[in-house]
*Asks:* 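Take this structure, written in structure tokens, and hold onto it; I'll ask about it next.
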Amino acid sequence: MQRIPLPDRLDTLITAHCSPEWRKLMEQRTTVLHFAQGEQLFKEKQPADQLYIMRTGKAKVHSSFGPGSTRILRFARDGQVLGHRGIGMDFTYTVSATALSECVLEMIPMPLFLEVLRANAGFSFHFMLFMAEELRRSEEQVKNLMNMTVLQRVAKALRATAECFGFDPDDKNLLAFTPSRQDLADYAGATYESTIRAVTELQKKKVIKTVGREIRILAPHKLEGILRG
């Protein structure tokens with residue numbers, strides 16, 4: 001079966017697969033919101049009445065797993081969709097999202113977005129593939145938490161950071177954005193203390209180098225080797 005490219009930017013899917021009339025209607029009905037670093041974009045269990053597209057900024061998508069336990073499911077960057085996990089029978093957000101930097105979001109009313117899906121078969125098809133791929137990645141992450149060591153899970157968190165935010169254009173090894181150590185721990189499903197130990201071990205192995213709170217990935221091939229075990 002031929003592999004279908006899966007862009008993870010919702011704005012790209014809209015441009016490529018929605019008719020001009022529906023694109024214009026969404027532009028007219030879209031509200032632009034500004035969020036400060038640390039501000040919550042939406043909260044788990046709230047009514048999912050809006051869909052969000054990140055115009056600029058960085059965010060984390062996370063969920064609570066018991067008192068005092070938070071798990072980061074993914075990071076989000078420019079062009080990516082947020083709030084789509086609320087689509088379902090009861091239309092409530094199943095996760096929360098918080099700004100990791102100043103963010104500018106486009107807010108599309110959920111009823112309008114559903115009409116766009118009904119009226120644009122190509123867009124609906126590609127959005128379905130996007131949702132299926134995200135579900136696959138979520139299931140893979142659950143398996144990783146059960147089977148990977150803390151070192152491997154922290155390495156995976158660093159790889160996810162690099163894949164989402166990329167590297168500094170002036171320094172090919174420096175992550176363009178380094179999450180806090182607590183956010184790395186929440187992505188890895190590990191304690192803060194064990195995450196710090198894993199970061200230290202990765203430094204000793206000369207896989208990464210910390211510069212203050214920032215991180216350089218010195219040897220991507222070694223990082224992949226750790227992930228493979």
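Any value given below was found using the heavy atoms of this structure, including those in side chains, with hydrogens, waters and symmetry copies removed.
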*Asks:* Linking Ile, Leu, Val, Met, Phe, Trp and Tyr by side-chain heavy atoms under 4.5 Å, what else ends up with Val211?
*Replies:* none
*Asks:* Is it true that a side-chain atom of Asp78 and a backbone atom of Met54 form a donor plus acceptor pair closer than 3.5 Å?
*Replies:* no
*Asks:* Would you mind reporting whether Ile87 and Met110 have side-chain heavy atoms less than 4.5 Å apart?
*Replies:* yes
*Asks:* Okay, side chain of Arg213, backbone of Arg181: is any donor-acceptor separation there less than 3.5 Å?
*Replies:* no
*Asks:* Counting distance only, does the side-chain N/O of Asn120 pair as donor-acceptor with the main-chain N or O of Gly122 below 3.5 Å?
*Replies:* no
*Asks:* Which residues satisfy the side-chain contact (heavy atoms from CB on, under 4.5 Å) test with Glu44, sequence neighbours excluded?
*Replies:* Ser63, Ser64, Ser96
*Asks:* Who are the ring pair (Phe, Tyr, Trp, His ring centres under 6.0 Å) partners of Phe35, not counting sequence neighbours?
*Replies:* none
*Asks:* In chain order, what residues pass the side-chain contact (heavy atoms from CB on, under 4.5 Å) check against Ala132, with sequence neighbours excluded?
*Replies:*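 Ala132 satisfies side-chain contact (heavy atoms from CB on, under 4.5 Å) with no residue once adjacent residues are dropped.
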*Asks:* Is there a path of hydrophobic side-chain contacts, each under 4.5 Å between heavy atoms of I/L/V/M/F/W/Y residues, joining Ile53 to Met107?
*Replies:* no
*Asks:* Taking the side chain as C-beta and beyond, is there a heavy-atom pair between Asp183 and Leu100 under 4.5 Å?
*Replies:* yes
*Asks:* Atom OG1 of Thr178 and atom CG of Leu174: how far apart are they, to the nearest 0.5 Å?
*Replies:*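 It is 6.0 Å, given to the nearest 0.5 Å.
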*Asks:* Atom CG of Asp186 and atom OG of Ser180: how far apart are they, to the nearest 0.5 Å?
*Replies:*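 Rounded to the nearest 0.5 Å, the CG-OG separation comes to 7.5 Å.
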*Asks:* If you measure from OG1 on Thr161 to CZ on Arg77, what distance do you get to the nearest 0.5 Å?
*Replies:* 12.0 Å
*Asks:* Under 4.5 Å between side-chain heavy atoms, counting indirect links through other Ile/Leu/Val/Met/Phe/Trp/Tyr residues: same cluster for Tyr52 and Phe91 or not?
*Replies:* no
*Asks:* Please enumerate all residues that pass side chain to side chain donor-acceptor pair (under 3.5 Å) together with Thr15, with sequence neighbours excluded.
*Replies:* none
*Asks:* So, for Val95 and Phe42, which heavy atoms are closest and what is the spacing to 0.1 Å?
*Replies:*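 Heavy atoms only, the tightest pair is O-CE1, 3.5 Å.
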*Asks:* Looking only at non-hydrogen atoms, find the nearest pair between Ala99 and Ala36 and report the distance.
*Replies:* CB-O, 3.4 Å
*Asks:* Could you tell me which residues satisfy side chain to side chain donor-acceptor pair (under 3.5 Å) with Thr210, sequence neighbours excluded, listed by chain and number?
*Replies:* Gln203
*Asks:* How does the hydrophobic cluster around Met148 look, that is, which other residues are in it when side-chain heavy atoms under 4.5 Å mark a link?
*Replies:*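 When side chains under 4.5 Å apart are linked, the cluster holding Met148 also contains Leu227.
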*Asks:* Output the rest of the hydrophobic cluster of Leu151: all Ile, Leu, Val, Met, Phe, Trp and Tyr residues reachable through side-chain heavy-atom contacts under 4.5 Å, sorted by chain and number.
*Replies:*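 Taking Ile, Leu, Val, Met, Phe, Trp and Tyr as members, Leu151 shares its hydrophobic cluster with Val150, Val154, Leu158, Phe167, Leu175, Leu184, Val199, Leu202, Val207, Ile208, Ile215, Ile217, Leu223, Ile226.
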*Asks:* Taking all heavy atoms of Thr191 and all of Thr195, pick out the closest pair and write down the distance.
*Replies:*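 In this case the closest contact between Thr191 and Thr195 is O-OG1, 2.8 Å.
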*Asks:* Quick check on the hydrophobic clustering: are Val81 and Leu33 connected, directly or via other members, by side-chain heavy-atom contacts under 4.5 Å?
*Replies:* no
*Asks:* Do the side chains of Arg153 and Ser194 get nearer than 4.5 Å, heavy atoms only?
*Replies:* no
*Asks:* For Asp11, enumerate each residue passing the side chain to side chain donor-acceptor pair (under 3.5 Å) test, keeping only those at least two apart in sequence or located in another chain.
*Replies:*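 Testing Asp11 for side chain to side chain donor-acceptor pair (under 3.5 Å), a comparison that skips the adjacent residues, returns Arg9.
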*Asks:* How about NZ on Lys222, more than 12 heavy atoms from neighbouring residues, nucleotides or ligands closer than 6.0 Å, or not?
*Replies:* yes
*Asks:* Out of the candidates Glu134, Glu140, Glu133, only one should pair with Arg137 under the side-chain hydrogen bond (donor to acceptor under 3.5 Å, both in side chains) rule; please name it.
*Replies:* Glu133
*Asks:* With rounding to the nearest 0.5 angstrom, report the CZ to CG distance, Arg136 to Leu129.
*Replies:* 12.5 Å
*Asks:* Is any NZ, NE, NH1 or NH2 atom of the basic residue among Arg118 and Glu115 found under 4.0 Å from an Asp or Glu carboxylate oxygen of the other?
*Replies:*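 Here Arg118 pairs with Glu115 in a salt bridge, since their nearest N and O are under 4.0 Å apart.
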*Asks:* Going only through I, L, V, M, F, W and Y residues with side-chain contacts under 4.5 Å, is there a path from Leu73 to Leu82?
*Replies:*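 Yes, because Leu73 and Leu82 connect within a single hydrophobic cluster, where side-chain heavy atoms sit under 4.5 Å apart.
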*Asks:* Who pairs with Arg71 by salt bridge (Lys or Arg N to Asp or Glu O under 4.0 Å), at least two apart in sequence or on another chain?
*Replies:* none
*Asks:* Can you list everything that forms a side chain to side chain donor-acceptor pair (under 3.5 Å) with Thr92? Sequence neighbours excluded, please.
*Replies:*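 Side chain to side chain donor-acceptor pair (under 3.5 Å) list for Thr92, sorted by chain: Asp90.
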*Asks:* To the nearest 0.5 Å, how far apart are CZ in Arg85 and OG1 in Thr94?
*Replies:*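 Between Arg85 CZ and Thr94 OG1, I get 6.0 Å after rounding to 0.5 Å.
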*Asks:* Out of curiosity, Gln182 CD to Ile196 CD1, how far, rounded to the nearest 0.5 Å?
*Replies:*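 These two atoms lie 9.0 Å from each other.
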*Asks:* Take atom CD in Gln46; do more than 12 heavy atoms of anything else shown fall under 6.0 Å from it?
*Replies:*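 Above 12, so yes.
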*Asks:* Does Tyr93 share a hydrophobic cluster with Leu135, counting links as ILVMFWY side-chain heavy atoms below 4.5 Å and allowing steps through other members?
*Replies:* no
*Asks:* Could you please spell out the steps behind the ring-ring contact (aromatic ring centres under 6.0 Å, His included) verdict for Phe130 and Phe123?
*Replies:* CA-CA 10 Å; Phe130 161 76; Phe123 175 67; 9.9 Å; no
*Asks:* With heavy-atom distances below 4.5 Å as the criterion, would you say the side chains of Cys103 and Lys58 are in contact?
*Replies:* no
*Asks:* Ignoring hydrogens and angles, tell me if any N or O in the side chain of Arg74 forms a donor-acceptor pair with the backbone of Val61 under 3.5 Å.
*Replies:* no
*Asks:* Run the salt-bridge test on Arg197 and Glu201 with the 4.0 Å N-O cut-off and return the result as yes or no.
*Replies:*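 Salt bridge flag = no for Glu201 with Arg197.
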*Asks:* Testing Glu39, Lys43, His62 for side chain to side chain contact (heavy atoms under 4.5 Å, CB included) with Thr98, which one passes?
*Replies:* His62
*Asks:* So Tyr187 and Phe75, would you call those rings parallel, tilted or perpendicular, with 30° and 60° as cut-offs?
*Replies:*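 Parallel, since the angle between the ring planes stays under 30°.
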*Asks:* Any side chain to side chain donor-acceptor pair (under 3.5 Å) involving residues 22-33? Give me the pairs, sequence neighbours left out, ordered by first then second residue.
*Replies:* none
*Asks:* Taking the side chain as C-beta and beyond, is there a heavy-atom pair between Leu10 and Phe127 under 4.5 Å?
*Replies:*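 Yes - at least one pair of side-chain heavy atoms lies under 4.5 Å apart.
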